[in-house]
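Residues: numbered from 1 along the sequence shown. Because the structure is predicted, anything quoted here is derived from the model rather than measured.
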Amino acid sequence: MVVTPSKTDRERVIPMSAELFHVIAQVIRRHRGTYGTVPIASRYDVHEVWCPPLPYLFQTQTGLERQAMSTSTIWRRLRKCCTELAKTHPEFVGTTFSAHDFRRIFATDLVNSGLPIHIGAALLSHLNIQTTRGYVAVFDDDIVRHYQQFLDQRRQLRPEEEYRDPTLEEWSEFQEHFDKRKVELGSCGRPYSTPCAHEHACIRCPMLSVNATMLPRLDELEDDLVARRQHAIAQGWKGEVEGIELTLTFLRSKRARVHRSQQLPPVNLGIPSVPHSRLTPE
C-alpha cells in the first residue's frame with residue numbers, strides 16, 4: 001500500500017498482510033459506497049493548529065463537518081481493545097498501546113525474523129539507520145547475527161562457483177589495490193576494483209583519510225593555496241578563485257576531522273583469547 005502525503009511529504013510504501021489489506025479495502029469501499037470517493041476532512045493538530053483538509057482514511061462525522069480521528073480518540077479505542085483482550089489473556093492486564101507502538105513492534109519483528117536492518121529502515125522510510133535501531137528492541141549482537149544469517153541464506157541460493165578460492169593472480173591484484181590506495185596525505189577508501197574518480201585530487205575527495213602525521217603538510221598546502229588565491233584575485237581569475245576556495249574548504253574540513261579524532265580517548269579492546277575448543281587436540 002502506498003500512502004501520500006506523509007509527515008515528511010515523502011511517498012511511503014507500507015507492507016501489510018492480506019488480512020490487514022482486506023480491512024483497509026473495506027474502509028475505503030465504505031467511503032466510496034457513501035460518497036463516491038474518500039471525502040475531504042479537516043484535522044485538529046495536537047499543537048492547536050488546523051491542518052488543511054485531506055482525504056484521511058479514518059474520519060468521523062461531527063455535526064455537519066467531517067473530521068479526521070484525533071489521537072485521543074485512537075488512544076481511547078486502543079485502551080478499550082486492551083481491556084477486552086485482557087479478559088481472555090491476563091498477561092495484558094494493565095498494558096496500554098499507542099498507535100506508534102505497533103510501528104516499533106513491526107520493526108522488531110522484521111529484524112528478529114532475519115531481515116537486515118537497512119532493509120527495515122527502507123520499509124519504515126527512515127533516512128538514517130540509527131533511527132531504525134532506536135525502534136528495534138534487540139541488541140547489537142542480535143542485529144549482527146541476523147544479518148549474518150541473512151547472508152548465509154542468500155549464499156545458499158547462489159552458484160557454488162561464486163564462492164571459490166581466488167587464484168594467485170586475483171589475490172595479487174586484490175593486494176595491489178590496497179597498495180595503490182596509499183597516497184601522500186594518508187589512505188584512500190575507494191572500493192576494490194574501482195579507479196580514482198577524482199583524478200587524484202585527494203584534498204577534495206571524500207574517500208581520503210588523512211594521516212595525523214601529515215598535518216604539517218596540510219598547513220603547507222593551505223599557505224600555498226592562500227597565496228594562489230591572492231594572485232588569482234589580483235589577476236581577476238574568478239573561476240580560479242572559486243576552485244581554490246572550494247579546495248580550501250575541503251582541506252580545513254579534513255584537518256578539523258583529524259584534530260577531533262586526536263581528542264577522542266583511546267579504546268581498550270583487550271587481549272583476544274583463543275576458545276578452549278581450539279586448544280584441545282582432536
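Pairs engaging residues 78-98 under the salt bridge (charged side-chain N to carboxylate O under 4.0 Å, His left out) rule: E84-K87 [sequence neighbours left out]. Applying the salt bridge (charged side-chain N to carboxylate O under 4.0 Å, His left out) definition to pairs two or more places apart or across chains, those involving residues 206-218 are E184-R217, R217-E220. Listed by first and then second residue, the salt bridge (charged side-chain N to carboxylate O under 4.0 Å, His left out) pairs involving residues 221-235 are E222-R252, E222-R255, R228-E240 (not counting sequence neighbours).
Among residues two or more places apart in sequence or in another chain, the ring-ring contact (aromatic ring centres under 6.0 Å, His included) test is passed with F58 by none. Residues satisfying the side-chain contact (heavy atoms from CB on, under 4.5 Å) test with S172, not counting sequence neighbours, are none. Every residue meeting the side-chain hydrogen bond (donor to acceptor under 3.5 Å, both in side chains) condition with T213, not counting sequence neighbours, appears here in chain and number order: N211. Residues meeting the ring-ring contact (aromatic ring centres under 6.0 Å, His included) test with H231, sequence neighbours left out: W237. With sequence neighbours excluded, the residues forming a side-chain hydrogen bond (donor to acceptor under 3.5 Å, both in side chains) with S70 are S72, T73, listed by chain and number. The side-chain contact (heavy atoms from CB on, under 4.5 Å) search around P216 returns none, not counting sequence neighbours. Here S42 pairs with W50, E65, Q67 under the side-chain contact (heavy atoms from CB on, under 4.5 Å) rule; sequence neighbours left out.
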Taking it one step at a time, do K238 and E242 satisfy salt bridge (charged side-chain N to carboxylate O under 4.0 Å, His left out)? CA-CA 6 Å; K238 294 185 179 180; E242 182 179 352; over 6 Å; no
Is there a side chain to side chain contact (heavy atoms under 4.5 Å, CB included) between L246 and R204 once you walk through the steps? CA-CA 8 Å; L246 180 61; R204 295 188 182 185; 3.8 Å; yes
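The side-chain heavy atoms of H259 and L215, taken from C-beta on, include a pair separated by under 4.5 Å. A heavy-atom distance below 4.5 Å is found between the side chains of L185 and I203. Proximity of P55 to I40: side-chain heavy atoms (C-beta onward) are separated by under 4.5 Å at one or more points.
To the nearest 0.5 Å, the span separating OG1 on T247 from CG on L251 amounts to 8.5 Å. A distance of 4.5 Å separates CZ of R181 from NE2 of H177, quoted to the nearest 0.5 Å. In this structure, CG on L85 lies 8.0 Å from CZ on F97, to the nearest 0.5 angstrom. Taking NE2 of H22 as the reference point, atom CD of E19 lies at 9.5 Å (rounded to 0.5 Å). L208 CG to K254 NZ: the interatomic distance, rounded to the nearest 0.5 Å, is 5.0 Å.
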Please output the side-chain donor-acceptor pairs of residues 23-36 that fall under 3.5 Å, not counting sequence neighbours, one pair per line with the distance.
residue : atom : partner : partner atom : Å
H31     : NE2  : L57     : O            : 2.9
T34     : OG1  : R30     : O            : 3.2
Y35     : OH   : R66     : NH1          : 2.7

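When all heavy atoms of A68 and A41 are compared, the pair lying nearest together is N-CB, 3.9 Å.
Grouping Ile, Leu, Val, Met, Phe, Trp and Tyr by side-chain contacts under 4.5 Å, direct or through others, puts V241 with I233.
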